[in-house]
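A note on names: the letters A, B, ... follow the listed sequences, proteins ahead of strands, and every chain is numbered from 1. On a predicted model such as this, the values are computed, not experimentally measured, just so you know.
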Amino acid sequence: MSLDLEIREQRREKLEAMRQGGADPYPRRFAFSHTLAEVDSAYAATTAEALEAERVPVAVCGRLMAVRGHGKAGFGQLLQDGTRLQIYVRQDSVDADSFALWKDLDLGDFIGVHGYVFRTRTNELTVHAERLEFLSKALLPLPEKWHGLQDVEARYRQRYLDLLNPDVRRVFERRAKMVQSLREQFLARGYLEVETPMMQPLAGGAAARPFRTHHEALDIPLYLRIAPELYLKRLVVGGLERVFEINRNFRNEGISTQHNPEFTMLEFYEAYSDYRVLMDWSETLLAELARQVTGGTEVEFRGERLDFSHCRRLSLRAAIREFWPAGAGAAPEIAALHDPAHERSIAERYNAFAHSSGAAAVPLESAGEGALLTAVFEHVAERHLLQPTIIYDFPVAVSPLAKNKADEPAWVERFEIYAGGMEIANGYSELNDPEEQHRRFLQQLTLRERGDAEAHALDQDYIRALSYGMPPTAGEGIGIDRLAMLLTGSASIRDVILFPLLRPETQGPV
RNA sequence: GGGCCGGUAGCUCAAUUGGCAGAGCAAGUGACUCUUAAUCACUAGGUUGAAGGUUCGAUUCCUUCCCGGCUCACCA
């Protein structure tokens with residue numbers, strides 16, 4: 001028998017013995033007087049003498065994480081909701097049943113402790129036990145007490161064990177605080193929080209491969225949403241002029257340190273606004289977010305200090321010039337970047353450099369007009385954009401839902417925010433001309449026919465909604481997971497998602 | 001999907017260019033009434049991810065496969 005099973009067998013026997021003795025090993029509740037955190041904060045400043053005089057009675061509970069026995073006495077450490085507190089059990093202070101229970105406890109068991117607060121000789125705040133109650137059993141042993149769970153796969157598969165590690169717990173607490181801060185900032189700006197369909201008959205609003213499912217009763221195919229965009233803008237048509245949604249998107253694409261098939265997006269729209277307004281608002285939003293979550297505007301990410309107090313602004317074309325690799329010859333002239341005729345030669349020049357230096361080349365084949373320049377930007381600049389940076393003005397070919405620039409119709413009023421070398425946000429002035437939107441969808445269809453599985457589908461109902469009239473509107477999506485990576489210093493998106501997608505275990509758990 | 005790295009006791013990790021698979025924690029027994037990674041003594045715990053191959057002998061070398069990590073490509 002493996003040791004694991006042996007331990008479980010021994011612990012089952014303890015449970016059985018408890019039942020034989022008339023006790024319920026899984027009792028229903030414990031009426032605690034204080035949480036461990038409350039004990040901690042209430043008596044943090046109280047001296048040993050004052051506690052001794054007062055003998056404050058408490059009833060506390062938690063998971064037993066450490067035991068240091070001394071024969072007829074002993075110390076234990078309880079863990080409750082992230083707080084640890086020491087207990088002291090001595091034979092001459094508790095009843096016989098409680099002491100027998102104490103001797104029989106395993107690490108990981110849950111107990112309730114009645115007693116009083118005191119300080120040990122080393123001045124540690126401790127509950128002096130007078131009675132113990134058994135609350136629940138750990139049949140399986142917990143991970144190693146000092147190192148915790150280290151195996152990366154086990155950490156993700158058994159997150160409940162990983163979360164016992166305070167550093168891991170802190171990441172998810174901070175993520176929660178982040179979402180709360182964002183929500184509060186949007187509510188303060190007069191936004192309404194909404195929920196739009198996660199299952200859609202057409203997966204629109206972004207360029208990505210969707211997950212497909214099927215509704216039995218209606219007998220129709222449905223797609224898990226790749227973005228909420230088209231629904232949120234329908235709401236703006238309906239007069240909900242400031243809306244935001246924090247929810248999951250699903251994209252049937254690769255998994256990496258920056259990609260999980262389901263990820264959380266904050267997406268928002270405000271009427272009578274444009275991308276200039278959103279650039280300003282995003283900048284203050286991020287700065288305030290960093291302040292509320294970390295207490296400052298600077299964070300450490302992959303060895304870099306990132307400063308969220310402001311965003312640098314750079315046009316896409318300027319970014320290509322600035323980050324054009326030295327080995328690729330002179331950076332493209334501004335005039336060339338404005339002339340579609342030069343787009344291909346710019347990409348080819350970059351690719352010549354890429355081939356000689358071993359860097360990834362820009363795929364030339366399927367790209368439509370304007371898409372090449374965007375691809376060049378991503379290859380040349382993205383990984384250099386460590387400090388928060390707004391990149392603005394994109395080609396219309398890669399932005400089928402964004403409004404054209406007044407003075408340059410082949411380009412749109414769109415921006416993306418980069419930090420830590422990752423794209424974390426994407427926003428634009430929304431295209432609200434239904435006829436132009438229809439033409440854009442048709443262009444996407446021709447891409448689709450050419451084999452681009454990620455090109456937008458034609459959403460007639462969305463065209464109809466726009467035809468009723470949508471005010472000038474600006475909208476933006478912010479990737480919550482990546483932002484959480486930045487604000488928690490996590491190198492992988494899996495470290496900020498409680499249960500990241502993994503291949504299922506072939507051999508079931510023990 | 002490509003490249004690189006990894007998988008050894010429940011957990012964290014060792015194992016000498018191929019030579020008896022080990023330690024700490026956790027577990028069991030015993031000692032111990034102020035410890036805090038408690039201490040001390042003893043005990044038990046292994047199909048070294050799987051299947052083949054080379055060899056007198058494989059955790060170690062080779063092949064295939066499984067699982068994971070990093071990275072590149074696609075994407076946010």
Side-chain angles (χ1 to χ4, degrees), chain A residues 1-11 48 65-77 84-94 99 106-108 118-126 128 138-158 161 164 206-209 226-227 249-267 358-363 366 375 378-379 382-383 416-418 422-426 452-454 477-483 485 491-494 502-507 510:
Chain A
M1 190 191 290
S2 79
L3 184 66
D4 193 33
L5 292 175
E6 201 177 304
I7 289 172
R8 199 192 301 202
E9 209 38 56
Q10 285 163 357
R11 296 189 180 187
M65 295 301 285
V67 169
R68 298 179 282 275
H70 292 84
K72 297 183 180 63
F75 292 91
Q77 202 169 34
R84 282 176 180 251
L85 192 72
Q86 183 167 266
I87 62 169
Y88 181 50
V89 183
R90 45 187 292 170
Q91 193 168 27
D92 53 17
S93 297
V94 298
F99 198 73
D106 291 301
L107 290 186
F118 80 115
R119 285 188 184 277
T120 64
R121 277 176 208 162
T122 55
N123 210 37
E124 178 159 346
L125 202 62
T126 303
H128 196 129
L139 290 172
L140 291 172
L142 296 177
E144 210 246 14
K145 67 180 176 186
W146 189 242
H147 299 90
L149 207 53
Q150 294 295 320
D151 180 76
V152 180
E153 185 182 357
R155 286 186 46 219
Y156 300 148
R157 287 199 194 279
Q158 295 183 277
L161 296 178
L164 295 172
R209 284 225 310 272
I226 57 175
N249 289 346
F250 306 86
R251 299 191 184 173
N252 206 340
E253 286 163 356
I255 295 176
S256 79
T257 45
Q258 291 171 44
H259 301 84
N260 194 62
E262 56 177 307
F263 63 101
T264 303
M265 182 87 110
L266 159 65
E267 200 156 316
V362 173
S366 60
E378 283 166 4
H379 282 75
E382 181 164 0
R383 63 201 174 87
E416 293 184 339
I417 305 177
Y418 289 83
M422 301 184 288
E423 182 189 339
I424 57 169
N426 177 21
D452 183 352
E454 294 181 355
I478 297 179
I480 295 297
D481 312 274
R482 288 183 180 176
L483 202 49
M485 288 169 66
S492 170
I493 199 168
R494 293 175 161 198
L502 299 176
R503 192 181 297 275
E505 282 175 291
T506 46
Q507 215 160 2
V510 267

- Message: Taking any heavy-atom pair under 4.0 Å as a contact, classify A:Ala360: base, sugar-phosphate, or nothing.
- Response: sugar-phosphate

- When rounded to the nearest Å, what value does the distance between C1' atoms of B:A38 and B:C25 take? 13 Å

- Query: Expressed as a whole number of Å, how far does the P atom of B:C34 sit from that of B:G46?
  - Reply: 38 Å

- Task: Hey, can you tell me if A:His128 and A:Tyr88 have their rings parallel, tilted or perpendicular (30° and 60° cut-offs)?
- Result: perpendicular

- Task: For A:Gly148, report the nucleic acid contact type (base, sugar-phosphate, nothing); a contact means any heavy atom under 4.0 Å.
- Result: sugar-phosphate

- Task: State, to 0.1 Å, how close A:Met265 and A:Ile480 come at their nearest heavy-atom pair, and which atoms those are.
- Result: C-CG1, 4.2 Å

- Under 4.0 Å between a side-chain N or O of A:Arg68 and OP1 or OP2 of B:U35? no

- Task: Sticking with atom C1', work out how far B:U59 lies from B:C20, rounded to a whole angstrom.
- Result: 14 Å

- Select base, sugar-phosphate, or nothing to describe what A:Phe118 touches, counting heavy atoms under 4.0 Å on all strands. base

- Query: Which value, in whole Å, describes the distance between the P atoms of nucleotides B:C65 and B:C4?
  - Reply: 14 Å

- Message: Just to be sure I understand the rule, does A:Gln91 reach a base, reach only the sugar-phosphate, or reach nothing, if contact means heavy atoms closer than 4.0 Å?
- Response: nothing

- Which atoms form the tightest heavy-atom contact between A:Ala208 and A:Ile226, and what is the distance? O-CD1, 3.9 Å

- Gap in Å between the two C1' atoms, one belonging to B:C42 and one to B:A15, rounded: 25 Å

- Query: Which atoms form the tightest heavy-atom contact between A:Asn123 and A:Arg119, and what is the distance?
  - Reply: O-NH1, 2.9 Å

- Query: For A:Leu161, which contact category applies under a 4.0 Å heavy-atom criterion: base, sugar-phosphate, or nothing?
  - Reply: nothing

- Task: Nearest whole angstrom, please: distance from the C1' of B:G7 to the CZ of A:Arg155.
- Result: 17 Å

- Message: Between the base of B:G10 and the side chain of A:Glu144, is there a donor and acceptor pair under 3.5 angstrom?
- Response: no

- Nearest to the side chain of A:Tyr88, which nucleotide is it out of B:U33, B:A27, B:U12? B:U33

- Message: Could you tell me how far apart A:Asp151 (CG) and B:A9 (C1') are, to the nearest whole angstrom?
- Response: 15 Å

- Check whether the aromatic ring of A:Phe75 stacks on the base of B:A38, taking stacking as ring centres less than 5.5 Å apart and planes within 30° of each other. no

- B:U16 to B:A37 separation - C1' atoms, rounded to the nearest Å: 30 Å

- Query: Is A:Ser256 touching bases, backbone alone, or none of the nucleic acid, heavy atoms closer than 4.0 Å?
  - Reply: nothing

- Task: Report the nucleotide, chosen from B:C34, B:A27, B:C11, that has the shortest atom-to-atom distance to any side-chain atom of A:Arg11.
- Result: B:A27

- Query: Looking only at atom P, what distance separates B:G57 and B:C70, rounded to whole Å?
  - Reply: 40 Å

- Message: Heavy atoms from C-beta onward define the side chain here; which of B:C34, B:A27, B:C70 lies closest to that of A:Asp106?
- Response: B:A27

- For A:Arg90 and B:C32, what is the distance between atoms CZ and C1' respectively, to the nearest whole Å? 14 Å

- Query: Where does RNA chain B pair, written as one dot-bracket string 5' to 3', with Watson-Crick or G-U pairs under 3.5 Å, ( ) inside the strand, [ ] for crossing pairs and | for another strand?
  - Reply: (((((((..((((.....[..)))).(((((.......))))).....(((((..]....))))))))))))....

- Note on the structure: Heavy-atom closest pair (A:Thr257 atom, A:Met485 atom, distance to 0.1 Å) is O-CE, 3.7 Å

- Message: I'd like to know if the side chain of A:Asp481 and the backbone of A:Ile493 have a donor-acceptor N/O pair within less than 3.5 Å.
- Response: no

- Kindly indicate whether the side chain of A:Val94, heavy atoms from C-beta on, has any atom under 4.5 Å from the side chain of A:Arg90. no

- Euclidean distance, atom CG of residue A:Asn260 to atom C1' of B:C74 [Å, nearest integer]: 16 Å

- For A:Gln86 and A:Thr126, the nearest pair of non-hydrogen atoms, with its separation, is NE2-OG1, 3.1 Å

- Quickly work out the A:Leu502 CG to B:C66 C1' distance and round it to whole Å. 15 Å

- Would A:Leu142 and A:Lys145 satisfy side chain to side chain contact (heavy atoms under 4.5 Å, CB included), going step by step from the backbone distance to the final call? CA-CA 8 Å; A:Leu142 296 177; A:Lys145 67 180 176 186; over 6 Å; no

- Round to the nearest Å and state the distance from A:Met65 atom CE to B:A38 atom P. 12 Å

- P-based separation of B:A58 from B:G53 [nearest Å]: 12 Å

- Item | Phosphate contact (B:U71 OP1 or OP2) by A:Thr257 side-chain N/O below 4.0 Å | yes

- Task: Looking only at side-chain atoms of A:Thr120, point me to the closest of B:G10, B:A76, B:U35.
- Result: B:U35

- Task: Calculate the interatomic distance between A:Ile7 atom CD1 and B:G10 atom C1'; express it in whole Å.
- Result: 6 Å

- Task: Give the intermediate values and the outcome of side chain to side chain contact (heavy atoms under 4.5 Å, CB included) for residues A:Met65 and A:Leu107.
- Result: CA-CA 6 Å; A:Met65 295 301 285; A:Leu107 290 186; 6.0 Å; no

Can you pull every protein N or O that's under 3.5 Å from an N or O on nucleotides 4-6 of chain B?
none

- Query: Relative to the 5' end of RNA chain B, which residue comes earlier, A:Gln77 or A:Leu107, by the nucleotide with the nearest heavy atom?
  - Reply: A:Leu107

- Under 4.0 Å between a side-chain N or O of A:Arg503 and OP1 or OP2 of B:C67? yes

- Under the 3.5 angstrom rule, does the side chain of A:Asn260 hit a backbone N or O of A:Phe263 as a donor-acceptor pair? no

- Task: Select from A:Glu423 and A:Gln86 the residue whose nearest nucleotide in RNA chain B is closer to the 5' end of that strand.
- Result: A:Gln86

- Query: For the side chain of A:Asp92 and the base of B:U33, is some donor closer than 3.5 Å to an acceptor across the two?
  - Reply: yes

- Message: For A:Gln258 versus A:Arg482, what's the shortest heavy-atom pair and its separation?
- Response: O-NH2, 3.1 Å

- Nearest-Å distance for atom pair NZ/P, residues A:Lys72 and B:C32: 5 Å

- Item | A:His147 and A:Gln150: side chain donor to acceptor below 3.5 Å | no

- Using a cut-off of strictly less than 4.0 Å, decide whether A:Lys145 has a side-chain nitrogen or oxygen near OP1 or OP2 of B:A37. no

